[in-house]
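I'd like to ask you about the structure that follows.
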Amino acid sequence: MIDILFFGRVADSLGKRRLAMALPPEGLSLFALRLRLFDGEGDGRLRMSVNQVVVTDDRPLHDGDEVAFFSVFSGG
Amino acid sequence: MIDILFFGRVADSLGKRRLAMALPPEGLSLFALRLRLFDGEGDGRLRMSVNQVVVTDDRPLHDGDEVAFFSVFSGG
Amino acid sequence: MEMEVRLLPAGFDPAAVHGDFLARFGTLGAVTAFTGVVREAAKGAAVDYLYLDWYPGMTETSIQAIADAAAERFDIRALSIHHRCGEVRAGEPVVFVAAASVHRRAAFEAVDYMMDRLKSEAALWKREVGPQTDRWVEPTTGDADDLKRWSDK
Amino acid sequence: MEMEVRLLPAGFDPAAVHGDFLARFGTLGAVTAFTGVVREAAKGAAVDYLYLDWYPGMTETSIQAIADAAAERFDIRALSIHHRCGEVRAGEPVVFVAAASVHRRAAFEAVDYMMDRLKSEAALWKREVGPQTDRWVEPTTGDADDLKRWSDK
């Protein structure tokens with residue numbers, strides 16, 4: 001199982017903040033997961049993290065990973 | 001009569017903060033007063049004001065003027 | 001280096017935090033502080049509140065990283081970051097940043113730097129909500145320019 | 001423009017002044033504050049107190065002129081200058097400067113600017129007194145450089 005979290009505009013437009021998913025037996029990469037969740041819509045402003053570290057490159061996902069999708073940060 | 005005030009290092013080295021002086025009948029200019037008070041020692045860091053406005057040029061003094069001599073400012 | 005870094009889901013009093021910071025570190029000589037408060041209007045539209053979405057764990061880490069970078073980069077001896085998350089109503093403080101140093105330039109620059117980075121690099125997502133408004137705010141090109149000021153040093 | 005400019009012969013509480021300033025002007029959005037405190041040592045020598053000599057009337061005018069220039073130059077809506085004169089003991093605040101604005105850059109720059117000018121252009125004369133020290137302090141070349149930052153804009 002992996003935990004998938006959504007924040008900011010992304011959570012809003014998906015209408016959910018969290019999802020648990022079993023990894024398929026053939027494995028799943030971060031980019032493949034993104035494609036599956038976001039319908040390949042290719043929003044250039046979509047950001048990702050794995051285990052709370054922002055990542056920009058593709059990578060295989062492992063059981064217990066915490067993946068998050070979100071829009072650009074805006075604090076202050 | 002004119003009022004002469006001293007501040008900062010200048011007051012310290014003269015050992016006084018205030019002086020009242022009658023203007024001589026022939027008149028007195030600011031630079032002449034400075035020469036009289038400071039013995040022509042020409043301290044380049046000596047600053048002056050007349051009636052609370054900093055001045056750098058010579059000018060005649062008038063009855064009732066308030067003249068001040070002081071070192072460079074240091075606040076903050 | 002003394003650091004206090006807080007992510008706060010409830011309101012706080014920046015004047016009290018400032019008073020405490022001054023009492024502890026003021027004798028160093030120089031304390032600069034910045035307070036950001038939610039404005040009652042943005043781009044002409046009334047704002048009732050900001051909602052700052054956050055990622056528990058990662059948000060704290062991202063703010064701590066900004067504090068660490070400031071401590072490394074500037075000759076300061078103490079810093080404080082207090083940042084709200086969740087719902088912050090108009091008129092309420094959203095961020096307080098302070099730095100203490102021996103010479104004032106370092107304290108000024110550190111606070112300025114931390115604010116610029118918090119705007120774009122803290123893991124927070126800001127939504128503005130008002131009677132006619134409900135929008136996610138993204139950093140402006142101005143914010144990006146602010147950040148660039150620090151990259152050529 | 002709201003300005004409060006005070007020359008104070010007795011001690012004051014910068015945290016309280018900051019709290020009051022925030023309460024009155026914080027809703028503009030951005031408040032920057034600087035506090036200067038007398039250090040317990042300067043150039044390695046212990047300091048008991050500063051004595052700030054002042055010229056009643058002219059000193060107030062010179063500080064007000066700095067406030068007026070900041071109000072004119074930066075897009076701020078309120079400012080505060082509290083400056084001590086007379087004897088200020090080590091650990092006591094000597095100056096507090098704050099500015100409030102809609103966007104934070106203006107508040108930062110205004111406070112930075114006022115501090116740079118107060119150092120060299122307020123009619124005050126600072127003497128440092130300690131067990132082994134009794135000297136009149138004059139602005140350093142660093143202070144002069146700080147001031148020059150504002151002349152090319």
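Each chain gets a letter, A, B and so on, in the order its sequence line appears, and its residues count up from 1.
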Residue selection (most heavy-atom pairs with chain C, distance under 4.5 Å) from D:H103, D:E40, D:M115: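 Most heavy-atom pairs within the cutoff with chain C belong to D:M115.
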
Salt-bridge present (D:D112, C:R105; N to O < 4.0 Å): yes

Toward chain C, the part of D:D116 with a non-hydrogen atom under 4.5 Å: both

Under 4.5 Å from any heavy atom of chain C - which part of D:V95: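 No part of D:V95 comes within 4.5 Å of chain C.
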
D:T27 backbone acceptor or donor facing C:R39 side chain under 3.5 Å: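 Checked: no pair found.
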
Check against side chain to side chain contact (heavy atoms under 4.5 Å, CB included), D:T35 and C:L22: CA-CA 8 Å; D:T35 309; C:L22 270 180; 3.8 Å; yes

Winner by heavy-atom pair count (cut-off under 4.5 Å) against chain C, out of D:G19, D:G29, D:A15: D:G29

Full working for ring-ring contact (aromatic ring centres under 6.0 Å, His included) between C:F108 and D:F108: CA-CA 8 Å; C:F108 266 108; D:F108 265 108; 7.3 Å; no

Chain C contacts, top residue of D:V97, D:D146, D:V94 (heavy-atom pairs, under 4.5 Å): D:D146

